[in-house]
Protein chains: 2
Amino acid sequence: MAESDPQPPSKGERTKERIVAAALELFRAHGYEATTMRMVAEAAGVSLGNAYYYFENKDLLLAAFYREVHEAHVAEARPLLGKQRTLHGRLLAVLQSKLVVIEPYHRFSALMFRSAADPESPLNPFHPAGADIAREGEALFADALAGSSTKVPKDLAAELPSLLWTYSMGIVLYWIHDRSPGHQKTHALVERSVELVASSIKLASNPLLRPFRRKVIELVRDLRLPSPG
Amino acid sequence: MAESDPQPPSKGERTKERIVAAALELFRAHGYEATTMRMVAEAAGVSLGNAYYYFENKDLLLAAFYREVHEAHVAEARPLLGKQRTLHGRLLAVLQSKLVVIEPYHRFSALMFRSAADPESPLNPFHPAGADIAREGEALFADALAGSSTKVPKDLAAELPSLLWTYSMGIVLYWIHDRSPGHQKTHALVERSVELVASSIKLASNPLLRPFRRKVIELVRDLRLPSPG
DNA sequence: GACAGTTCTTGAACATGTTCAAGTTCTGTC
DNA sequence: GACAGAACTTGAACATGTTCAAGAACTGTC
């Protein structure tokens with residue numbers, strides 16, 4: 001992702017960067033909905049039409065914002081993972097850091113989720129533009145899993161990252177609707193559900209539950225929807 | 001819902017009804033997005049502004065459509081429930097009838113879901129306009145549960161309807177993104193996941209799993225988000 | 001049946017996302 | 001350095017959801 005590109009940025013790339021920068025600043029200041037494409041164009045010092053030359057539609061600017069938030073999450077979560085060895089602690093680290101990072105963007109996240117749920121939108125996880133972020137999110141959970149002291153059966157380990165990522169999206173959806181002060185309900189949900197998830201994963205190794213586990217895993221494996229690439 | 005109102009419909013009510021009827025017809029013919037408020041107004045024989053007098057925004061017409069689809073689902077599911085006694089069969093009846101009913105409205109459902117996920121939208125389950133339908137959906141699952149031959153522990157039975165409704169929304173979300181021919185993947189998901197859900201519910205009665213079950217139930221009970229009313 | 005107030009209706013105006021035909025600037029080739 | 005084609009830029013125009021001030025029709029009261 002961040003390897004130093006050999007080429008200096010072309011003119012077009014610099015313009016595009018100016019537009020993103022202007023957009024993100026305006027989004028932060030006024031929110032996504034109150035920010036018009038005309039405002040973005042003016043702040044970036046380009047014409048309205050030119051903004052559309054680089055971003056086919058406003059949603060793609062939302063995607064750029066989402067990417068930034070996502071990267072902030074990864075940056076926040078990685079160091080925390082260094083300090084945790086238990087599965088429980090590591091999942092908690094990933095989810096709690098997510099809540100911390102998105103905290104300032106409650107309304108924004110709702111819009112994000114809205115778009116992500118729409119198969120026509122470039123932000124959904126099955127669209128090329130949105131798929132990267134989804135995969136990186138899964139990778140974070142893969143890390144959380146791999147570095148933990150808990151041994152997870154191989155077949156399950158293969159499916160868990162995407163299951164955990166889906167679970168985390170569920171948490172976000174809950175948070176979006178959570179109006180409790182400080183979103184304390186979501187924090188409670190994270191604490192308590194992570195415990196249940198961690199114990200479920202441990203339970204899954206229990207030979208008594210093996211047939212059940214196999215069924216779940218096969219279902220997930222067979223029915224994963226294709227993503228681009 | 002359908003008790004014969006003592007009052008004959010007032011002029012305003014009839015106008016409103018005309019607008020809904022026109023809207024639903026146009027939605028079915030051209031889809032929601034391609035139907036403009038001007039088209040609706042014209043088809044209903046009222047002015048544009050008048051359409052807005054009765055429906056604050058276009059989303060509320062979407063909600064009216066959603067209600068109709070929901071009622072078709074209930075009408076489809078109830079008779080099927082009469083023929084099934086096992087929990088598995090009854091859940092299957094509710095979910096499969098849902099898929100049958102929404103089949104013609106794939107794009108429409110995506111838009112529906114989009115709006116439902118947005119806390120600002122009148123269609124979300126925590127908003128008065130959307131809460132009714134959500135509650136009726138839960139009621140359907142409550143029926144499926146109550147009439148089944150499977151004995152469910154009381155504490156779990158109290159929480160299951162809303163859990164199952166949430167589960168069904170997950171299925172719908174999957175279906176929205178399912179591009180397989182005939183949505184066969186979603187059908188497979190329903191068949192196989194219902195089996196897992198039904199066995200989980202039975203497993204939940206197992207004394208060995210009691211502590212786990214209690215934790216799940218308490219979590220759900222404590223952290224249910226408040227709905228209006 | 002005149003009056004007051006409420007309900008209903010209208011069409012023009014507005015804001016904003018998006019498109020597009022036309023122009024300008026850049027890049028590589030001879 | 002002239003030329004051709006690609007990349008970039010522009011601002012006007014468009015479609016559509018939404019608002020609003022003004023007026024028409026209705027309802028109940030005296």
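All heavy atoms count here, side chains included; hydrogens, waters and symmetry mates do not. The model shown is predicted, which means the values in this text are computed figures rather than measured ones. Every chain is numbered from 1 and lettered A, B, ... according to where its sequence line falls, protein lines coming before strand lines.
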> For B:E42, does the CD atom sit with more than 12 other heavy atoms under 6.0 Å from it, leaving out its own atoms?
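12 or below, so no.
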
> What nucleotide, of D:dT9, C:dT10, D:dT18, holds the atom closest to the side chain of B:N57?
D:dT18

> Separation of B:L48 atom CG from D:dG17 atom P, in whole Å?
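That distance rounds to 9 Å.
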
> Take atom CG of B:N50 and atom P of D:dA21, then tell me their distance rounded to the nearest Å.
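The answer, rounded to whole Å, is 18 Å.
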
> Looking at A:S115 and A:L123, would you say the former's side chain and the latter's main chain have a donor-acceptor pair under 3.5 Å?
no

> Rounded to the nearest Å, what distance is computed from the NZ atom of residue A:K58 to the C1' atom of nucleotide C:dT16?
8 Å

> Mind calculating the distance between CG (B:D59) and C1' (D:dT18) to the nearest angstrom?
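Those two atoms, CG and C1', are 13 Å apart.
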
> Between A:H177 and B:F126, how do the two ring planes meet: parallel, tilted or perpendicular, split at 30° and 60°?
tilted

> CZ of A:F55 versus P of C:dT19: gap in Å, rounded?
15 Å

> Rounded off to whole Å, could you give me the OH-to-P distance for the B:Y52 and D:dA21 pair?
18 Å

> Is there a donor-acceptor contact under 3.5 Å from the side chain of A:H73 to the main chain of A:V94?
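Yes, A:H73 side chain to A:V94 backbone: donor-acceptor pair under 3.5 Å.
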
> Write down the distance between CD (A:E13) and P (C:dC26), rounded to a whole number of angstrom.
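In whole Å, C:dC26 P and A:E13 CD are 16 Å from each other.
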
> A:T35 or A:G49: which one's nearest nucleotide on DNA chain C is closer to the 5' end?
A:T35

> Taking only side-chain N and O atoms of A:Y53, does any of them lie within less than 4.0 angstrom of OP1 or OP2 on D:dC8?
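For D:dC8, OP1/OP2 do have a side-chain N/O of A:Y53 under 4.0 Å.
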
> For the side chain of B:T36, starting at C-beta, report the closest nucleotide among D:dT16, D:dT18, D:dA7.
D:dT16

> For the side chain of B:S47, counting heavy atoms from C-beta on, which of C:dT9, C:dG17, D:dT10 is nearest?
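Between C:dT9, C:dG17, D:dT10, the one nearest the side chain of B:S47 would be C:dT9.
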
> Whole angstroms only, please: what is the CD1-C1' distance between B:I19 and C:dT9?
10 Å

